[in-house]
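Reviewing the structure listed below.
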Amino acid sequence: MMLHMIPYLSGRIGIMAAMPEELQTLLDAMLDETVVVKAGRQFWVGHLCGREVVVVLSRIGKVAAAITTTVLLTDFGVDQVVFTGVAGGLGDGVRVGDVVVADALIQHDMDASPLFPRFELPGLGTSTLQPPADLTHLVHEAVQQVLSLDSLAEGGALSGVHLDVLGLPQPKVHRGLIISGDQFINAATASAALRQVLPQALAVEMEGAAVAQVCHDFGVPFAVIRTISDRADDDAHVDFPRFVSAVARHYSLAMVFALLRLQ
Ligand code: ADE
């Protein structure tokens, strides 16, 4: 495994966005980008906040995101990967509009039992992949800045985002377990079943733990940041698109900027 030798948030940073709306706000902020096409994906190489970045749409699902991550690491030589996207909230008190920073990730649909314990990644001897604690800490700090009252106030980074219009309260940042699988969770029964088997899970999505597995195997630090778009219940498919266009893309840009501006 490669050893991580450069400080976090320096060198070449791969930024993966899950939704085209989020990707677009990042591309609009890049002034010098050039596009390179690999594996049918467009990789935008350039600068954000003076840092060298490669921005790409992850695509949806674990395999697609794993391919995108592998190309980012092997063809573009990024030194770290930051994933930003939306997720369904699972944990108590994790509400729409909140942000979850992963300190651990599990593939909730991995089950090679009885050969291996449920959720264990065969060959890795564990089910749980953890981003470096220092990087998670930095990301948490950046998100906290973005979600502060100042940021939502007039002139702040999120001043264009009217959470009250969507009936959303002051958002919070959480740090904890994010689970990933190849399913959009769109039923209260399905999210209850996930909560039962993985009670520590704060959020569910479809890519993060796959990105984590690739980064783990290449020894490259990564972070996963998810804004809660729905509660993974019977209304998830209605809440999700509304939230992405009204809120998530603004959050992504503000969080990536706050992170890249940290020293
Ligand atoms: N991403 C956003 N909401 C989700 C949900 N309910 N299930 C899976 N992935 C999601």
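Note: hydrogens, waters and symmetry copies are ignored here, and every other heavy atom, side chains too, is used. Indexing begins at 1, ligand by ligand and atom by atom, following the structure's order.
Within the structure, the side-chain hydrogen bond (donor to acceptor under 3.5 Å, both in side chains) test picks out the following pairs touching residues 186-203 (sequence neighbours left out): N186-H237.
Looking only at side-chain heavy atoms (C-beta outward), F119 and L198 come within less than 4.5 Å of each other. In this structure the side chain of L129 reaches within 4.5 angstrom of the side chain of L121, judged on heavy atoms.
Counting heavy atoms of neighbouring residues, nucleotides and ligands inside a 6.0 Å radius, atom CG of D32 exceeds 12 of them.
Taking E205 as the reference, R226 meet the salt bridge (Lys or Arg N to Asp or Glu O under 4.0 Å) condition, with sequence neighbours excluded.
Contact residues of ligand 1 (protein heavy atom closer than 4.0 angstrom to a ligand atom; sorted by chain and number): V86, A87, G88, Q183, F184, I185, V204, E205, M206, S229, D230, A232, F240.
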If you look only at distance, which donor and acceptor atoms sit under 3.5 Å apart when one is on a side chain in residues 36-45 and the other is two or more places apart or in another chain?
from	atom 1	to	atom 2	distance (Å)
K38	NZ	D75	OD2	3.2
R41	NE	T68	OG1	2.7
R41	NH1	A39	O	2.9
R41	NH2	A64	O	3.0

